[in-house]
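Structure record follows, encoded as structure tokens.
Here, residue 1 is the first one in the sequence, and each next residue gets the next number. In listed order, ligands and their atoms are each counted from 1.
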Amino acid sequence: MNVGIDKMNFFVPPYYVDMTDLAIARDVDPNKFLIGIGQEQMAVSPKSQDIVTFAANAAKQLLTPEDLAAIDMVIVGTETSIDESKASAVVLHRLLGVQPFARSFEIKEACYGATAGVQLAKSHVRANPDSKVLVIASDIARYGLNSGGEPTQGAGAVAMLISRDPRILVLEEQNAMLTQDIYDFWRPVGHQYPLVDGPLSNATYIDSFQKVWKHYQAKYQRSLADFDALAFHIPYTKMGKKALLSILETESESEQARMLASYEESIVYSRKVGNLYTGSLYLGLISLLENSNTLAAGSRIGLFSYGSGAVSEFFSGTLVEGYEAFLAKEDHQMLLNNRHKLSIDEYEAMFNDALDIDTAATFEDALPFSITAIEGTIRTYRQ
Ligand code: HMG
């Protein structure tokens, strides 16, 4: 039985900062952000939006009444939880109108969480072929104003429906996983922003990729020639490229060119939004599918998922005949093009205007799903 991604969609908040403006404001050469980091724009979210509203806005348009009746598991991969106990997936289950006899929960392991969700969903559908599982990656990536990580922030969600006979990507059985207990990026309970050792995080990302790729090759006797493209976790677009380059040295010129060309197709959207944490790999996959000139039914895509701390996985999928009909390139371009550009003053004001859940308040926001009020620490969402 084939199991995999039947539908997928992303959502990013309607505000962004131009990276040239940010570089000038921080007295940095803009080419450091544009070329060195590889980011053009960065998504910014206001306090009337959170991981639940991103997730609902990403998922709503995917789901038919038949899907809502068949979904029996809602999984949110996130490291921006809004509660230490109650899972955002429970709220999402209600907002989306999923039938009640379902499991709903969150998974956490930095940016790897949604991949754990996808793999769990795959096993669940294998055991229960009529089930569908909604997996959502939703996060707000923030390091603080004037911090080292500031140019690698972002926000947004990717929603995926996992089912049998999927219409986009069949997930293959071959996986290579790796766990290494490393403090490259972490957020102790109570800390508003993560602590990060930037150089160590870059090195651990590359080292993890090399290790899982080598393990995968040895386990399954597969090489780069078996893949039509690779998609990476993209904390900033230069990062995946550095990891990719590290395994291309021994490849022919044409093989290098082929892999680098598809890498460029996978980062079109990330260049404009920054890091989505759990969603970044899947945003890269959507970008690849919607911007590739070479992929076709049957093409095999390798996916590298990385979560600091650190857990990583290399896995793969093959494209289904007719997959193009289930993409939404025009909608996604409209979503990105219709965003409002913030001045640096506006960005800093929005950043500092954090949601205070201990103070009752109401909010105005035009999005289909947004926070409308806070009352007794509980968020009310517009449905
Ligand atoms: P930094 O110290 O600001 O930058 O940190 P840098 O000095 O390392 O420079 C960055 C690049 O810009 C370098 O290129 C420079 O040469 C280049 P590289 O050597 O790396 O190829 N550069 C220029 N290029 C052109 N023109 C110029 C110029 N000046 C310099 N004028 C860092 C950058 C990414 C470390 C920082 O922003 C940071 O700490 N970000 C957060 C951590 C991060 O994103 N780590 C990535 C791997 S970990 C990960 O992916 C997990 C994560 O998503 C979290 C999770 O799992 O939950 C983060």
Side-chain angles (χ1 to χ4, degrees), residues 17 19-20 22-40 42-43 51 76-81 106-117 137-158 178-188 191 193-210 212 231-246 260 263 267 270-271 273-284 303-313:
V17 160
M19 295 305 278
T20 301
L22 184 65
I24 292 166
R26 300 293 179 253
D27 205 15
V28 169
D29 178 350
N31 282 338
K32 175 173 174 185
F33 291 174
L34 299 173
I35 300 167
I37 302 279
Q39 292 302 133
E40 269 169 53
M42 183 172 87
I51 57 159
V76 173
T78 187
E79 52 182 301
T80 325
S81 282
E106 271 176 21
I107 295 184
K108 177 185 72 182
E109 175 16 55
C111 299
Y112 174 76
T115 298
S138 190
D139 272 301
I140 300 175
R142 283 190 169 185
Y143 295 86
L145 299 176
N146 288 294
S147 65
E150 187 182 27
T152 62
Q153 298 177 145
V158 177
L178 178 74
T179 295
Q180 304 181 101
D181 184 9
I182 292 170
Y183 280 82
D184 62 326
F185 166 109
W186 67 107
R187 184 154 71 93
H191 282 236
Y193 303 126
L195 305 171
V196 59
D197 180 338
L200 179 65
S201 73
N202 290 345
T204 309
Y205 178 113
I206 295 173
D207 170 69
S208 299
F209 174 61
Q210 290 175 344
V212 287
F232 287 79
H233 166 56
I234 310 169
Y236 55 95
T237 70
K238 184 80 168 289
M239 184 70 252
K241 188 171 183 176
K242 286 201 238 189
L244 176 60
L245 286 171
S246 79
L260 287 169
Y263 182 75
I267 59 170
S270 292
R271 275 187 78 82
V273 300
N275 197 352
L276 301 195
Y277 284 163
T278 46
S280 289
L281 165 63
Y282 300 98
L283 181 67
L303 297 109
F304 173 62
S305 182
Y306 177 79
S308 282
V311 176
S312 50
E313 180 160 345

Inset, instruction - Would you please name every residue forming a ring pair (Phe, Tyr, Trp, His ring centres under 6.0 Å) with Tyr236, sequence neighbours left out? - result: none
Inset, instruction - Taking only heavy atoms of the protein into account, state which residues are under 4.0 angstrom from an atom of ligand 1, in chain and number order. - result: Asp29, Asn31, Lys32, Gly36, Ile37, Glu79, Ala110, Cys111, Tyr143, Gly148, Gly149, Thr152, Phe185, Val196, Gly198, Ser201, Asn202, Tyr205, His233, Pro235, Tyr236, Lys238, Met239, Lys242, Asn275, Tyr306, Gly307, Ser308
Inset, instruction - Would you please indicate if the ring centroids of Phe304 and Tyr205 are separated by under 6.0 Å? - result: yes
Inset, instruction - Can you sort out the partners of Arg142 under salt bridge (charged side-chain N to carboxylate O under 4.0 Å, His left out), two or more places apart, ordered by chain and number? - result: none
Inset, instruction - Identify the two heavy atoms, one from Asp139 and one from Gly77, that lie closest to each other, and give their separation to 0.1 Å. - result: OD2-O, 4.3 Å
Legend entry - Those residues that, when tested against Phe33, pass ring pair (Phe, Tyr, Trp, His ring centres under 6.0 Å) (two or more places apart): none
Inset, instruction - Return the orientation label for the Phe232 and Tyr263 ring planes: parallel under 30°, perpendicular over 60°, tilted otherwise. - result: perpendicular
